[in-house]
There are 2 protein chains.
Amino acid sequence: MPTASSRLLALLSLLQARRDWPGAVLAERLGVSPRTVRRDVDRLRELGYPVASAKGPDGGYRLGAGSALPPLLFDDEQAVALTVALQTAATSVTGIEEAAARALTTVRQVMPARLRHRVDALRVVAVQRAGAATKPRVEPALLMALSAAVHAREELRFDYPPAPTAAPADGVPPPRRTQPHHLVTWGGRWYLVAWDLDRADWRTFRVDRIRPRTPTGPRFTPRELPGGDVAAYVAGRFTGATGPGDWPCRGEVILDLPARTVSAWTRDGVVEELGPDRCRLVLGAWSWPGLAAVLGRYDADIEVVGPPELREAFAHLARRYTAAAQP
Amino acid sequence: MPTASSRLLALLSLLQARRDWPGAVLAERLGVSPRTVRRDVDRLRELGYPVASAKGPDGGYRLGAGSALPPLLFDDEQAVALTVALQTAATSVTGIEEAAARALTTVRQVMPARLRHRVDALRVVAVQRAGAATKPRVEPALLMALSAAVHAREELRFDYPPAPTAAPADGVPPPRRTQPHHLVTWGGRWYLVAWDLDRADWRTFRVDRIRPRTPTGPRFTPRELPGGDVAAYVAGRFTGATGPGDWPCRGEVILDLPARTVSAWTRDGVVEELGPDRCRLVLGAWSWPGLAAVLGRYDADIEVVGPPELREAFAHLARRYTAAAQP
DNA sequence: CCGTAGCGGTCAGTTTGTGTCCGCTACTGC
DNA sequence: GCAGTAGCGGACACAAACTGACCGCTACGG
């Protein structure tokens, strides 16, 4: 039998059972020398268990907070929030579902019995919106690394292979040099909002395509994001001007509908009121026919402001729809 | 570092998180050979942990119930998952963001310092998809009450006011009598999947409209959901037959595109492969023109299978698009 | 009846664990 | 402040274990 491993677990339960354990007693109980006990305690500490020790007479080892002692004082709402958030984590963020499940069982352990029961009773089924399976998985370590750079305000270099749809460039693109400002999740995908030092402009990078290079660069002083609000910036990024690989097509139309109605039905895009039953809509999409199709959703007369490609797409779709309407 | 001992703890943690773990997957996760995984499992069994295993295809390891686990600690991945899940909780579930934030600070307290720093460094901005603000807030207490009924298998009576869009009925509808089976979140909304005793059929209720009545009824024996899988049932509910207030229009078309391509671009809906470049798509929407418009996104020839309303909608949209294409 | 997946034996090479010995430091009580 | 106690940790040599590779075997499901 593997004496070392099982002894470690035994040591854990001994430390759990009593407040103070002199090293000599532990040595005897575990059948090893005091030196080995000290080594085992070290190992536990390396694993993260907070083992406190006191020197001098009445010294000894004791298991500190963090694993058992103070049952975590959650109120009911916190317990519900924890459970729901961890059980549905996969819906908004791919790639961490299993870690989230483990985290839930871990916190469960340090809860008072009453809350533990609540957690057990709360079983949530999070149904993915279809298409979620195709979302890229993001490594927790990568998230951590990027966020650490944001937090430390350290310049970040990374490789960023172009999207496969992009035209093949000549040779390997040089690494990006950036000042990372925000880590953002939007629609189940991760983005890094950063100032691109070479392009001297803000960029929104897909986290799953980022390959960080070491070492990180010097510290930088954060700039102010245009508009100040990250959420607004990112939301606008996907509807406004063409970003790197995002919304290659962007068009402008006038709809015979109240601005209120249109914005209620519009996920992204900019709506501007022109009259009680008339508004301007600027919207982005991956392709011109796609954009034209989306604009058809509004069941209202459409006047194309531009660009011409959008007009052509409407003509294209009109032909296709005419054909589809034939029995 | 004692790789063997910590690996045992990691193995325990993994086994807790999921029902079934193929040996090969565990081997990869732990960074050892499958042989060593088998040995580790043996060790756990020697230490008294009930690890069940199944041979053959779909085999794997699973942790039996009932054993007292050693105090497990958060590892790096759990810390990241916890932080991300709690910071982005509002994205998938409205109404718990504040409780989630408080829960995070509470959990933070029982983490080793190293992980605490990681948590602090991980700052995530969760950007709502537009339209999320209109999502109804759901009370944690209500979720808890419903989930408790599901867990306890107690029949549930509740008032369920009809959607405001429905025709005004005469008088107040009587309370629903149901056998609640699953609590489901989908696209930021909450649903209760239950067997409606009066209608003798399955129903999907919007949680935010449910007003429970007390007391709850007697215990019931769960029925089997058609198809067995809740996720599939709910997903189908919103794309298939008309549910309560969901997807009033549903149509079927054949597209000249590979099924893979279509499902990659389809949030909801059922895709069926008909050939290498041909597939059937069943999709739901709020209106016929809306459905026709969405189908235009795929930039492929469309053959309408039915219903006739969809064909008409295509003709309607064709006229509109022709007009829009005029300068 | 075949493919998958868990089971377990053997073996060699290497890593780790262990006890012993020893000097050091922190705390307590006298 | 001085002794005694108890935890800390380096060094070292020997023993034990762990690990991966390779093997054939057994259930199970289709």
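All values derive from a computational prediction rather than experimental measurement. A note on names: the letters A, B, ... follow the listed sequences, proteins ahead of strands, and every chain is numbered from 1.
- Annotation: side-chain hydrogen bond (donor to acceptor under 3.5 Å, both in side chains) contacts of B:E252 (sequence neighbours excluded): B:R280.
- For A:E154, the side-chain hydrogen bond (donor to acceptor under 3.5 Å, both in side chains) partners two or more places apart in sequence, or in a different chain, are A:T216.
- One interatomic measurement links the two molecules: CD of A:E28 to C1' of C:dG19, which rounds to 17 Å at whole-angstrom precision.
- Residues passing the salt bridge (Lys or Arg N to Asp or Glu O under 4.0 Å) test with A:E139 are A:R137, sequence neighbours excluded.
- Between D:dC8 and A:S53, a contact under 4.0 Å exists linking OP1 or OP2 to a side-chain N or O.
- A heavy-atom distance below 4.5 Å is not found between the side chains of B:F205 and B:L146.
- For B:E155, the salt bridge (Lys or Arg N to Asp or Glu O under 4.0 Å) test picks out no residue, with sequence neighbours left out.
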Each nucleotide N or O in nucleotides 10-13 of chain D that has a protein N or O under 3.5 Å away: list the pair and distance.
from	atom 1	to	atom 2	distance (Å)
D:dG10	N7	A:R35	NH2	3.4
D:dG10	O6	A:R35	NE	3.1

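- Annotation: side chain to side chain contact (heavy atoms under 4.5 Å, CB included) contacts of A:T83 (sequence neighbours excluded): A:Q87, A:L104, A:V119, A:L122.
- Not counting sequence neighbours, the partners of B:D196 by the salt bridge (Lys or Arg N to Asp or Glu O under 4.0 Å) test are B:R176, B:R199.
- The separation between A:L30 atom CG and C:dG17 atom C1' is 15 Å, rounded to whole Å.
- Every residue meeting the side-chain hydrogen bond (donor to acceptor under 3.5 Å, both in side chains) condition with A:Q78, not counting sequence neighbours, appears here in chain and number order: A:D75, B:T106.
- Side-chain contact between A:L11 and A:R43: absent, with no pair of heavy atoms (C-beta onward) separated by less than 4.5 Å.
- Note: CZ (B:R7) to P (C:dT15) measures 15 Å, nearest angstrom.
- Side-chain N/O atoms of B:T36 include one lying less than 4.0 angstrom from OP1 or OP2 on D:dG20.
- As a whole-Å value, the separation of B:E46 CD from C:dC7 C1' is 15 Å.
- At a threshold of 4.5 Å between non-hydrogen side-chain atoms, the residues A:Q109 and B:L72 count as touching.
- Contact annotation for B:R45: backbone-only contact, meaning every heavy-atom pair under 4.0 Å involves sugar-phosphate atoms and none involves a base.
- Following rounding to the nearest Å, B:K55 (NZ) and D:dC28 (C1') show an atom-to-atom distance of 9 Å.
- The CG-P distance, from A:D40 to C:dT16, rounds to 15 Å in whole Å.
- In this model, the phosphate group of C:dT16 is not approached by any side-chain N or O of B:T3 to a distance below 4.0 Å at OP1 or OP2.
- A:R43 places its CZ atom 13 Å from the C1' atom of C:dT15, with the value rounded to the nearest Å.
- At a threshold of 4.0 angstrom between heavy atoms, the contacts of B:V41 with the nucleic acid are absent.
- Of the candidates C:dT20, C:dG8, D:dG7, C:dG8 carries the atom nearest the B:D42 side chain, counting heavy atoms from C-beta on.
- For B:R7, the side-chain hydrogen bond (donor to acceptor under 3.5 Å, both in side chains) criterion is met by B:D40, not counting sequence neighbours.
- Near DNA chain D, meaning a heavy atom under 4.0 Å from it, residues 15-25 of chain B has no residue at all.
- Remark on the helix from C:dC1-D:dG30 to C:dC30-D:dG1: inter-end axis angle 60°, axes from five-pair C1' superpositions, rounded to 10°.
- Distance CG (B:L44) to P (C:dG6): 15 Å, rounded to an integer number of Å.
- In terms of the salt bridge (Lys or Arg N to Asp or Glu O under 4.0 Å) criterion, A:R38 has no residue partners (sequence neighbours excluded).
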